[in-house]
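Read the structure below first, then the notes.
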Amino acid sequence: MKDKTLPAKFSTLAIHAGQDPDPTTGAVSIPIYQTSTYAQEGIGKHKGFEYARTQNPTRLALEKNLAALENGKTGFAFASGMAAINAVMTLLQTGDHVIVSDNTYGGTFRLFDKVLKKFGLEFSYVDTREPQNVEDAVRPETRMVFVETPTNPVMSLTDLRAVAAITKPRGLRLVVDNTFMSPYFQRPLELGADIVVHSTTKYLNGHSDSVGGAVLLNDEADARQLAFIQNAAGAILSPMDSWLVMRGTKTLAVRMRQHDDNGRQVAQFLAEHPQVKKVYYPGLKSHPQHELARRQMSGFGGMLALETGSLENAGRVLEAVKLCTLGESLGGVETLISHPATMTHASVPASERTRLGITDGLVRLSVGIEDVEDLIADLDQALNKIA
Ligand SMILES: *Cc1c(COP(=O)(O)O)cnc(C)c1O
């Protein structure tokens with residue numbers, strides 16, 4: 001796609017944005033530029049590439065690709081989702097206050113609470129399902145609202161348009177972690193967010209073989225600062241990982257459609273299963289924010305959680321599954337099953353876990369793109385071990 005101003009839809013952008021054939025050889029797949037430096041012709045004379053922490057053509061191609069998918073002007077790729085989030089937080093100064101979704105990814109909470117607090121940033125954790133709670137938490141020092149929607153593992157949503165209506169007039173940055181939906185189903189910048197962050201480790205790469213992160217945005221001053229930080233702090237994504245994520249995004253649309261299709265069928269099956277007490281999936285009519293999910297997202301994805309009633313029941317299911325793999329992480333082609341209370345959310349105090357609905361009987365599924373009949377059969381035999 002030579003003319004970047006051509007209007008193009010999602011799958012076309014996923015395959016072509018930032019993916020011009022290599023100018024030296026015509027290679028259709030952007031090469032992995034495995035180099036630390038670039039030959040220069042004379043003092044200040046170079047091809048735009050000086051040192052590979054600062055610029056790398058493979059990373060640049062990915063950054064253009066991801067920016068196009070989130071409908072942002074600029075993108076930056078980092079060594080992990082946490083490195084991306086950490087870079088965004090360096091837009092702030094000592095004394096600044098941040099409002100955060102109370103059920104955010106555990107690693108994000110750990111970074112804010114155990115690292116950034118030491119440098120004088122202040123954080124308030126509120127239930128962002130209710131936008132009024134965000135407005136009530138605003139102080140004179142507030143500079144940012146950091147939201148994850150839907151959240152892990154109980155799939156609660158934040159109305160991004162409603163929160164943007166609070167942040168915009170006050171000049172606060174609205175940052176959205178869009179890892180769970182991917183830009184295929186939800187594009188926060190179009191809903192009023194200022195910055196989107198991703199763990200590309202999950203759906204964007206999609207094959208459980210790379211760790212990475214990204215930041216996408218429109219604001220030019222913040223983009224300049226992020227480029228500066230990316231170079232100054234140096235938590236860049238490697239050429240190999242950049243290439244892997246680009247290969248992942250080319251099939252993002254077809255993968256997400258299948259994750260969504262399988263997710264809906266597995267959720268419906270679980271909702272009708274006698275051993276399942278409750279299912280958390282925004283695509284079910286029983287989800288308390290189903291209407292918002294339909295409005296804000298164009299699909300429901302492959303993440304869901306189910307309540308088995310007790311630690312013992314959860315243990316039986318997790319040990320009995322044969323096709324689903326017991327493990328942390330999500331968003332890969334293979335179905336992963338996990339136990340939030342002892343795995344991803346073990347560091348959250350028990351009382352807080354209870355308040356968030358993360359009980360000992362809760363089991364989380366990242367529904368992959370296997371044949372759904374096989375997934376349902378596996379879950380059925382595992383759940384029947386409870387009886
Ligand atoms: C995994 C994850 C992160 C952290 O990303 P890493 O690539 O593991 O550093 C952040 N947010 C969400 C929602 C995640 O699922």
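Ligands are counted one by one from 1 in listed order, and the atoms in each one are counted from 1 as well. This one's a predicted model, so the numbers in the text were calculated from it and none came from an experiment.
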Give the intermediate values and the outcome of salt bridge (Lys or Arg N to Asp or Glu O under 4.0 Å) for residues Arg295 and Asp159. CA-CA 9 Å; Arg295 209 163 60 233; Asp159 185 336; 3.3 Å; yes
Under 3.5 Å: N or O atoms of ligand 1 paired with protein N or O:
{"from": "ligand 1", "atom 1": "5 (O)", "to": "Ser199", "atom 2": "OG", "distance (Å)": "3.0"}
{"from": "ligand 1", "atom 1": "7 (O)", "to": "Gly81", "atom 2": "N", "distance (Å)": "2.9"}
{"from": "ligand 1", "atom 1": "7 (O)", "to": "Ser199", "atom 2": "OG", "distance (Å)": "2.8"}
{"from": "ligand 1", "atom 1": "7 (O)", "to": "Thr201", "atom 2": "OG1", "distance (Å)": "2.7"}
{"from": "ligand 1", "atom 1": "9 (O)", "to": "Gly81", "atom 2": "N", "distance (Å)": "3.0"}
{"from": "ligand 1", "atom 1": "9 (O)", "to": "Met82", "atom 2": "N", "distance (Å)": "2.9"}
{"from": "ligand 1", "atom 1": "11 (N)", "to": "Asp177", "atom 2": "OD2", "distance (Å)": "2.6"}
{"from": "ligand 1", "atom 1": "15 (O)", "to": "Lys202", "atom 2": "NZ", "distance (Å)": "2.8"}

Which side-chain N or O atoms in residues 166-176 pair as donor and acceptor under 3.5 Å with protein atoms at least two apart or in another chain?
{"from": "Thr167", "atom 1": "OG1", "to": "Val163", "atom 2": "O", "distance (Å)": "3.4"}
{"from": "Thr167", "atom 1": "OG1", "to": "Ala164", "atom 2": "O", "distance (Å)": "3.3"}
{"from": "Lys168", "atom 1": "NZ", "to": "Gly192", "atom 2": "O", "distance (Å)": "2.8"}
{"from": "Arg170", "atom 1": "NH1", "to": "Ile166", "atom 2": "O", "distance (Å)": "2.9"}
{"from": "Arg170", "atom 1": "NH2", "to": "Glu135", "atom 2": "OE2", "distance (Å)": "3.0"}
{"from": "Arg173", "atom 1": "NE", "to": "Asp222", "atom 2": "OD2", "distance (Å)": "2.7"}
{"from": "Arg173", "atom 1": "NH2", "to": "Asp222", "atom 2": "OD1", "distance (Å)": "3.1"}

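For Tyr280 and His287, the gap between ring centers reaches or exceeds 6.0 Å. Ring centers of Phe109 and Phe123: at least 6.0 Å apart, outside the cut-off. If you look at Phe112 and Phe146, their ring centroids are closer than 6.0 Å.
Relative ring orientation between Phe76 and Phe78 is described as tilted, the plane-to-plane angle lying within the 30° to 60° band.
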